[in-house]
Amino acid sequence: MADDNQKAAKCFQAGNKAMEGNNWDMAVQMFSQCVKLVPHNLGYRQLLRNCTKKKYGDNKKGAGGLTMTKLMSIRSKVKKAKQKEQWEEADKMAEQGLLLNPWDAQLNVDIAEAAKALDRGEIARFAYAEAVKAAQKDKAIHLALAEHLENRGEYTEARKIWERIKIIDPKDIEVSRKLSALDAMQATRAGNFDEAESSKDVKRNKSADKSQSIEQKSTDLETSLRHEIRRNPEQVEHYLKLGAHLKTAKKFQDSYDVLKQALDVSAGDPGVREQLEDAELLLLKHNVDLAKEKADKSEDPEARKLVAALSKDLRTRKIEVLSAREERHPQNLGIKMELAKLVMQLQEWSRAIPLLQKASQDPRLKTKALVLLGKCFMYDNKLPLAKGQFERAVPDLNHDTDPDTYKESHYLLARVCEETGDPDKAVHHYGEVLVVDYDYKDARERLEKLQGG
């Protein structure tokens, strides 16, 4: 961490020097590096965003239409990372998109949502504010910023945003109630500061207020979004926002039902259909989790059978969904990887192998795809081919970052070397396993047998 801070400090100095000379390309490059090295530093983000805007002459549209395809790809990656709750990856990809268009409202919202999940409240505040500037009539973004400010105890600032919401939607009956509530919160907060015996008392009061109001805030937002749907039943965006909120609130059945309505309103839009499919898979997984929880508390064998049946249904549906997406998005190698993992569970090696061969063309997926290819060939009794895949994979494996894959791959390669008559290599790879885990499976016994005793 200290080393990253030192590197970022040097980039910061170079970025400042570039700014002084109006060399915006260099400034963007340097401050972008700062953000990568120290992602929790708000100042670096602010400098990066300002310099990127200068780079494009404050044109409010960034690099323009030529980068549309690249931005679409980035948006897809951000969405996937968010669905998997890989917040660091979502943050990193959204920052790449903002290098192309720093005024992109949705990418700024993506940064804010990732920052909230990573407990970077100041960065979330900044990103929401940037999104509001870029989409001054987008009520949902204003609501998100207002909620974030309120959660931070910034009631005066939250009130200002609600005043803007009142202008955006004068008919929203929730606005007046919310403004009154914020005034009350501000007055209560002031009173608590006067009456608190210590700063610890104030902190406890704020924590209690926050925990008590979080459910009400969620209900308020849901009510507001449902009100928007009633007012504009043909606007699919309202359904999508409500579906996303209900998912966050873990109301998975409600989220699925709303997105089903969204699909009807959108006349079968493929993007909306994919969101509905994601909600369906999430609901199925939730049902599996509930069944597992019940089975863990019960000795009834039927409960275990139910878990197995629901898990099978979830896998079957996942395969159906990913198979269709793999056809629609042939360039998305991540989908091929996920689909291959699922069909491997069914021992469909001939179906998994071509998917993994294509997935291995992505540098980010290459090593794990090669390991899975090695397993497929091994289980399909094609040992020379398995050996080749494992040998390509193991040089890039790292025990510190992925110990399980490291040990399993060296162990399986050793087993394949044994079977194909290459004892020296088998000894070497068993040794690689034992150096980091002396009790791993039967590696020690096999090594001793190969060494004659």
Side-chain angles (χ1 to χ4, degrees), residues 78-91 106 109-121 124 128 139-141 143-152 174 178 207-230 236-263 271-298 303 306-307 309-315 317-318 321-322 338:
V78 172
K79 178 183 174 183
K80 184 176 179 181
K82 286 168 63 178
Q83 289 171 342
K84 293 184 176 182
E85 297 187 357
Q86 296 173 343
W87 300 112
E88 291 285 7
E89 178 67 13
D91 177 68
Q106 183 56 52
V109 170
D110 293 332
I111 292 284
E113 291 176 352
K116 285 200 299 182
L118 294 167
D119 198 22
R120 298 169 183 165
Y128 273 136
K139 183 179 176 182
I141 297 177
L143 285 169
L145 174 56
E147 180 182 15
H148 184 62
L149 291 169
E150 184 180 338
N151 288 339
R152 288 169 56 83
E174 291 293 315
K178 195 65 184 180
S207 178
D209 288 344
K210 182 176 178 180
S211 63
Q212 290 169 2
S213 64
I214 188 167
E215 185 176 347
Q216 183 60 48
K217 291 171 185 171
S218 179
T219 302
D220 289 346
L221 180 55
E222 180 180 342
T223 300
S224 176
L225 290 170
R226 290 190 184 279
H227 177 65
E228 286 295 327
I229 289 173
R230 288 193 296 272
V236 70
E237 293 83 2
H238 300 319
Y239 295 90
L240 298 179
K241 289 172 183 176
L242 178 57
H245 171 69
L246 291 168
K247 182 185 77 170
T248 303
K250 301 190 183 302
K251 296 181 179 180
F252 302 116
Q253 182 65 61
D254 290 345
S255 177
Y256 174 77
D257 292 341
V258 168
L259 289 170
K260 199 170 181 181
Q261 292 178 289
L263 184 63
V272 177
R273 184 179 297 280
E274 290 195 1
Q275 292 192 48
L276 175 61
E277 290 169 347
D278 292 339
E280 179 188 1
L281 293 177
L282 198 58
L283 176 59
L284 291 173
K285 183 180 183 303
H286 178 62
N287 291 337
V288 171
D289 292 340
L290 291 177
K292 284 181 179 177
E293 185 178 342
K294 184 176 180 180
D296 289 340
K297 297 177 181 178
S298 169
L306 178 61
V307 172
L310 291 174
S311 298
K312 183 179 178 181
D313 290 343
L314 173 58
R315 181 176 63 197
R317 184 60 181 138
K318 269 188 177 180
V321 168
L322 289 177
E338 293 303 312

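What's counted below: heavy atoms across the whole structure, side chains too, no hydrogens, waters or symmetry copies.
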**Student:** Between Y128 and E147, is any pair of side-chain heavy atoms under 4.5 Å apart?
**Tutor:** no

**Student:** Do E277 and L281 have side chains that approach each other closer than 4.5 Å (heavy atoms only, starting at C-beta)?
**Tutor:** no

**Student:** What are the two closest heavy atoms between Q275 and L240, and how far apart are they?
**Tutor:** OE1-CD2, 3.8 Å

**Student:** For the side chain of S311 and the backbone of V307, is there at least one donor-acceptor N/O pair under 3.5 Å apart?
**Tutor:** yes

**Student:** Kindly indicate whether the side chain of R120, heavy atoms from C-beta on, has any atom under 4.5 Å from the side chain of D91.
**Tutor:** yes

**Student:** What I want to find out is whether E89 reaches K84 closely enough, with some N-O distance under 4.0 Å, to be called a salt bridge.
**Tutor:**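 Answer for the salt bridge query: no.
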
**Student:** What closest approach, in Å, do L314 and K285 show between heavy atoms, and which atom pair accounts for it?
**Tutor:**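 Heavy atoms only, the tightest pair is CD2-CA, 3.9 Å.
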
**Student:** Is the number of heavy atoms from other residues, nucleotides or ligands within 6.0 Å of NZ (K139) greater than 12?
**Tutor:**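 Enclosed: over 12 neighbouring heavy atoms sit under 6.0 Å from NZ of K139.
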
**Student:** Can you find a heavy atom in the side chain of E222 that is under 4.5 Å from one in the side chain of L242?
**Tutor:** yes

**Student:** About how many Å separate NZ of K251 and NE2 of H286, when rounded to the nearest 0.5 Å?
**Tutor:** 12.5 Å

**Student:** Find the distance between CD (E338) and NZ (K318) and round it off to the nearest 0.5 Å.
**Tutor:** 8.0 Å

**Student:** Does this structure show an ion pair linking K292 with D296, if we count only N-O contacts that are shorter than 4.0 Å?
**Tutor:**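 D296 and K292: not salt-bridged.
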
**Student:** For a 4.5 angstrom cut-off between non-hydrogen side-chain atoms, does L143 reach L221?
**Tutor:**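 A side-chain contact exists here, since the closest heavy-atom pair is under 4.5 Å.
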
**Student:** For I141 and V109, what are the C-alpha separation, side-chain angles and deciding distance, and is it a side chain to side chain contact (heavy atoms under 4.5 Å, CB included)?
**Tutor:** CA-CA 8 Å; I141 297 177; V109 170; 3.9 Å; yes

**Student:** Looking at every heavy atom in both I229 and H238, which two are closest together, and how far apart are they?
**Tutor:** CG1-CB, 3.7 Å

**Student:** Does a side-chain heavy-atom distance below 4.5 Å link D289 with E293?
**Tutor:** no

**Student:** Around atom NZ of K80, are there more than 12 heavy atoms from other residues, nucleotides or ligands closer than 6.0 Å?
**Tutor:** yes

**Student:** Within the 4.5 Å heavy-atom criterion, are E280 and L283 side-chain neighbours or not?
**Tutor:** no

**Student:** Determine whether more than 12 heavy atoms belonging to other residues, nucleotides or ligands lie under 6.0 Å from atom CZ of R315.
**Tutor:** yes

**Student:** For the residue pair A279 and S255, what are the closest heavy atoms and their distance?
**Tutor:**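 Where A279 meets S255 most closely, the heavy atoms are CB-OG, 4.4 Å.
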
**Student:** Among side-chain atoms of Q253 and D257, is any donor-acceptor pair under 3.5 angstrom?
**Tutor:** yes

**Student:** So how far is it from F252 CZ to L246 CG, rounded to the nearest 0.5 Å?
**Tutor:** 10.5 Å

**Student:** For A291 and L310, which heavy atoms make the closest approach, and how far apart are they?
**Tutor:** CB-CD1, 3.7 Å

**Student:** Supply the atom-to-atom distance D278 CG to K79 NZ, rounded to the nearest 0.5 angstrom.
**Tutor:** 6.0 Å

**Student:** In Å, rounded to the nearest 0.5 Å, how long is the span from NZ of K116 to CG of N151?
**Tutor:**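 One gets 7.0 Å once the value is rounded to the nearest 0.5 Å.
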
**Student:** With distance as the sole test, does S224 use its side chain to make a donor-acceptor pair with the main-chain N or O of D220 at under 3.5 Å?
**Tutor:** no

**Student:** What pair of heavy atoms forms the shortest contact from A81 to A90, and how long is it?
**Tutor:**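 Of all heavy-atom pairs spanning A81 and A90, the closest is CB-N, 3.7 Å.
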
**Student:** Could you tell me whether the side chain of W87 reaches within less than 4.5 Å of the side chain of E85, counting heavy atoms only?
**Tutor:** yes

